Amino acid sequence: MQQISRLSRTDWFGPLLATVLAIAIIGSLSKNFLSPYNIQILLLAIAVNALIAFAQMIIIAIGQMNLSVGAIGGLAAISFAGMMEVWGLPALPAALLALVIGLLCGVLNGVLVRITGISAFVITLATLSIYKGINLGITEAQPFYGVPAAVKAFGAATILGPIPWLLAPTIAATVALWYMLRRLPVGRFILAVGSNDHAAGLSGISVGATVVIAHGISGFLAALAGILVVARLQIGQPSIGDDWLILSFAAPVIGGAVLAGGHVSVTATALGVVIVAIITQALVLFSIDPFLVQVVLGALILAAVGLNKLRARDTAKGSL
Amino acid sequence: MTPIFEAKGIQKAFPGVMALKGVTLSLLPGSVHALLGENGAGKSTLIKVITGVHQPTAGTLLLDGQQAQFHNPRDAIAKGIGVVHQERNLFPRFSVAENIFLEQIGSSYLTPVDYARLNREARRWLDALELDIDPATPVSELSVARMQLVEIAKALSLQSRVLLLDEPTASLTTSETDRLFQIVRRLRDDGTSLVFVSHKLEEVQEICDRVTVLRDGANACDSRSMEGVTRHDLVQMMIGRAEGEGAWRARDTSAQPEVLGLSGVSTELGHRDVSLSVRKGEIVGLYGLVGAGRTELAKSILGQSAVTGGEVRVDGKPVRIRSVFEAIHTHGLGYVSEDRKTEGLILQHSVLANAGVPIWRKLGGALGTLTDGKIRDAVLPYLRKLEVKTPSLAQTAANLSGGNQQKISVAKWLAAGVRLLIVDEPSVGIDIKTKAYLHELLRELADNGTSILLITSDLPEMIAVADRIVVMDGYRVTGELPNTGEYDSVSRAVMDRIHDMGEVG
């Protein structure tokens with residue numbers, strides 16, 4: 001009994017339970033759900049969505065928001081495709097440059113937040129518009145079709161059975177983030193600043209540098225997600241990233257992130273991504289109106305926030 | 001002996017207020033130095049200047065006789081200056097060990113944290129404090145007192161040459177305090193220079209061998225030995241001599257009816273058997289040192305915390321005030337907060353909006369609609385009367401001086417038509433001229449029939465304004481005396497009542 005209550009206090013236990021239940025229920029209702037093809041589609045969605053969620057999660061960790069996650073991802077995506085088509089760059093340098101663009105967009109967000117003292121919500125609302133505007137200026141709202149065969153092959157290839165290669169960068173990013181937030185001082189600084197930036201400053205942590213680093217990581221992850229989408233769609237769509245915002249918040253919140261900052265869980269956020277992917281997929285499988293997906297996603301966020309609040313009260317009681 | 005650390009002529013200006021006006025402090029190695037002063041005297045500001053949180057506007061810091069500059073807390077830490085700040089500075093979800101060593105981790109971004117080593121080393125400092133806590137425990141699972149001890153362990157771990165403790169005993173029990181004092185003495189014997197800030201003078205006399213007293217942002221005494229300094233001397237220096245007391249005049253309100261009365265009131269905050277009464281047009285002063293429970297009493301009267309026993313009367317009738325809303329609208333009680341920046345005003349809003357808040361309901365039209373014109377008509381006479389100096393009513397409150405902000409806090413209650421105003425530390429952070437004006441204003445209000453309950457730690461202010469003084473300590477009333485306006489006799493009488501409680505408590 002006590003073990004269960006201890007488990008229920010961890011961030012990952014609830015989402016894991018929900019994941020297992022969802023797989024069991026939907027799997028028993030629909031034979032197609034656990035088919036290799038369907039699993040591959042699920043994993044492809046997870047590969048991209050996890051990066052989007054992490055891009056937001058790292059900003060939630062410092063107690064801020066990044067509304068420009070989708071705009072950065074979109075800009076990196078069309079830069080990647082555009083550099084290959086227009087400049088004829090090989091895939092790898094193009095991808096690296098696109099990642100640098102994402103990183104710089106994020107760093108710019110962080111620097112602006114830091115030097116103006118204006119809330120990240122407002123700053124990233126503005127840069128969202130700027131990055132999206134640059135995107136549309138470059139593409140004139142037309143997709144880049146000239147994605148090289150190598151990239152297309154990477155987007156479609158599988159490592160083993162239904163496991164796509166696209167999952168590899170995501171797994172690497174997950175492990176790196178997990179290690180950083182657990183073990184590396186920079187990760188601890190990010191959580192410390194999110195928990196109490198005043199106290200962090202008094203402890204000799206450079207709050208400014210930490211904020212900029214977190215935004216840089218966010219931009220980098222958003223760009224990585226954008227590149228993976230190009231590989232998956234096999235074209236550089238200017239609209240990539242437009243629908244990332246809700247998704248980016250849903251998974252971290254389902255994973256128990258404290259929106260005020262200072263506490264996020266990589267594992268639980270990843271599980272949050274899986275839950276969202278499964279539910280979305282299930283709605284498709286049962287041919288339910290796709291607009292309902294939005295409604296369900298919103299309801300899911302509300303439920304998760306409510307649960308987090310209850311849990312926070314429980315932990316507070318437990319400490320007395 | 002040569003000082004290990006000196007601060008000379010330190011000035012610190014914040015927008016609208018001079019927090020430090022040329023303070024000196026000199027610390028000897030192997031000593032425990034008391035830094036005393038009432039709230040607002042500048043202790044915390046001085047500590048923040050010494051530890052690199054604030055940059056001084058003028059003045060020099062000397063470390064081992066060499067001029068030193070701290071641009072941020074890191075610089076000060078690197079030079080061996082450690083501090084336990086008054087406010088909690090822990091990260092609740094981090095482990096005890098990580099909290100203790102965060103300063104040391106702070107120097108690199110990418111070297112992996114070795115938690116096993118942190119836990120081992122944290123053990124050492126926890127043992128020094130005889131704290132039986134697993135270093136891997138998240139701080140959020142500790143009691144408040146233990147969190148305080150973890151902060152002290154954190155400061156110890158820096159092995160500082162100068163260690164500042166800002167009210168370290170505020171949340172400790174007697175035995176925990178004793179334990180802390182043993183450590184303080186050991187550190188002192190090892191040559192550390194400690195600075196001890198506390199409002200508990202018994203503790204100061206027990207542990208400190210040197211003292212500096214601040215008052216109103218300046219030295220009430222330079223750094224000196226505690227030898228021959230009595231508790232009476234300390235209190236005297238902290239609260240100061242009378243300055244410009246002349247304005248007091250006798251006012252007789254004995255024939256007036258009682259507006260607010262308390263008999264044997266106890267509260268959930270810990271007040272016991274508190275009785276006092278305020279007549280129409282009377283100014284009753286509520287005096288006590290910080291922590292005496294005065295503000296808490298005000299908040300209980302206003303219904304923010306529960307009254308658990310005794311009787312509260314308004315206009316002679318027993319009442320139960322359940323909320324601030326009721327206190328204002330049913331009973332006509334208003335409260336001018338000591339913390340006008342966070343509790344008294346909405347700094348980002350205009351002067352007009354601030355002055356109108358309490359009467360919005362009253363002015364609202366059929367649909368609760370408000371017009372600026374209506375609010376202006378209601379509050380302008382009061383803003384004029386108090387001579388609030390503002391370029392326009394649309395000016396945001398944050399841009400006004402402290403004195404003018406305070407006037408708005410008063411004006412809004414006058415506009416609301418309150419009959420009794422509780423005024424809490426009205427002159428904190430206000431210059432002397434405005435202060436005198438504010439005193440005149442309080443008297444004028446009283447002459448016009450508003451009753452005033454004045455809470456202040458500034459004894460000269462109390463003696464300049466009050467008709468009657470009620471002395472509080474330890475959440476009880478320890479005495480009551482009429483004010484004759486004569487500083488020497490009244491201050492002695494007030495101090496006697498504080499001494500009484502000092503020896504009893």
Side-chain angles (χ1 to χ4, degrees), chain A residues 6 9-11 61-63 118-119 175-176 178-214 216-217 256-258 260-265 308 311-320, chain B residues 47-48 51-54 70-79 81-95 97-118 137-144 146-147 151 154-155 157-158 164 166:
Chain A
R6 198 176 309 149
R9 263 196 230 163
T10 64
D11 289 307
I62 56 168
I118 297 170
S119 79
V175 173
W178 181 85
Y179 187 76
M180 181 186 83
L181 289 173
R182 282 256 152 159
R183 284 283 163 151
L184 293 187
V186 61
R188 306 308 289 171
F189 296 167
I190 285 172
L191 292 172
V193 167
S195 171
N196 182 344
D197 57 349
H198 178 70
L202 290 179
S203 299
I205 294 172
S206 168
V207 176
T210 306
V211 166
V212 172
I213 289 170
I217 294 171
V258 176
H263 179 73
V264 295
S265 160
N308 287 349
R311 244 164 33 109
R313 209 178 300 155
D314 275 0
T315 6
K317 265 187 213 149
S319 69
L320 284 178
Chain B
I47 287 179
K48 285 181 176 160
T51 54
V53 179
H54 292 327
F70 306 137
H71 298 286
N72 53 47
R74 277 197 84 65
D75 285 353
I77 293 168
K79 291 276 167 57
I81 295 180
V83 59
V84 177
H85 285 284
Q86 201 174 346
E87 70 270 29
R88 266 313 76 72
N89 281 311
L90 297 175
F91 304 99
R93 291 186 187 259
F94 284 18
S95 73
E98 199 174 2
N99 267 290
I100 290 177
F101 289 110
L102 203 60
E103 263 103 350
Q104 276 109 310
I105 301 172
S107 56
S108 90
Y109 280 85
L110 295 173
T111 319
V113 181
D114 181 352
Y115 285 105
R117 193 176 62 91
L118 286 194
T137 318
V139 161
S140 61
E141 291 178 12
L142 304 181
S143 68
V144 176
R146 289 190 149 206
M147 287 185 195
E151 294 232 37
K154 176 173 166 171
S157 77
L158 294 172
L164 299 97
D166 194 354

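The shown structure was predicted, so the numbers you read here are calculated from the model rather than taken from an experiment. Residue numbers begin at 1 in each chain, while the letters A, B, ... track the order of the sequences.
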Pick one of side chain, backbone, both or neither for B:Lys154, based on which atoms fall under 4.5 Å of a heavy atom in chain A.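 For B:Lys154, the contact with chain A is made by the side chain alone.
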
Portion of B:Ile77 that has a non-hydrogen atom of chain A nearer than 4.5 angstrom: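 Contact with chain A involves the side chain of B:Ile77 alone.
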
Go through B:Arg88 and A:Asn196 one step at a time and tell me if the side-chain contact (heavy atoms from CB on, under 4.5 Å) criterion holds. CA-CA 10 Å; B:Arg88 266 313 76 72; A:Asn196 182 344; over 6 Å; no

Mind ranking B:Val53, B:Asn89, B:Asn72 by heavy-atom pairs under 4.5 Å with chain A and telling me who comes out on top?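 With the most close heavy-atom pairs to chain A, the winner is B:Asn89.
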
At a 4.5 Å cut-off on heavy atoms, which part of A:Leu191 comes close to chain B: side chain, backbone, both, or neither?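 For A:Leu191, heavy atoms of backbone and side chain both lie under 4.5 Å from chain B.
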
Identify which part of A:Arg188 has an atom lying under 4.5 Å from any heavy atom of chain B, answering side chain, backbone, both or neither.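 Both the backbone and the side chain of A:Arg188 come within 4.5 Å of chain B.
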
Once you round to the nearest 0.5 Å, how far does OG of A:Ser203 lie from CG of B:Leu90?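 Answer rounded to 0.5 Å: 8.5 Å.
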
Applying side-chain contact (heavy atoms from CB on, under 4.5 Å), run through B:Arg74 and A:Ser206 and close with a yes or a no. CA-CA 9 Å; B:Arg74 277 197 84 65; A:Ser206 168; over 6 Å; no

Among A:Ser195, A:Ala209, A:Gly262, who wins on heavy-atom pairs under 4.5 Å with chain B?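 Highest number of pairs under 4.5 Å: A:Ser195.
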
Do the non-hydrogen side-chain atoms of B:Pro112 and A:Leu184 ever get within less than 4.5 Å of each other?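 A side-chain contact exists here, since the closest heavy-atom pair is under 4.5 Å.
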
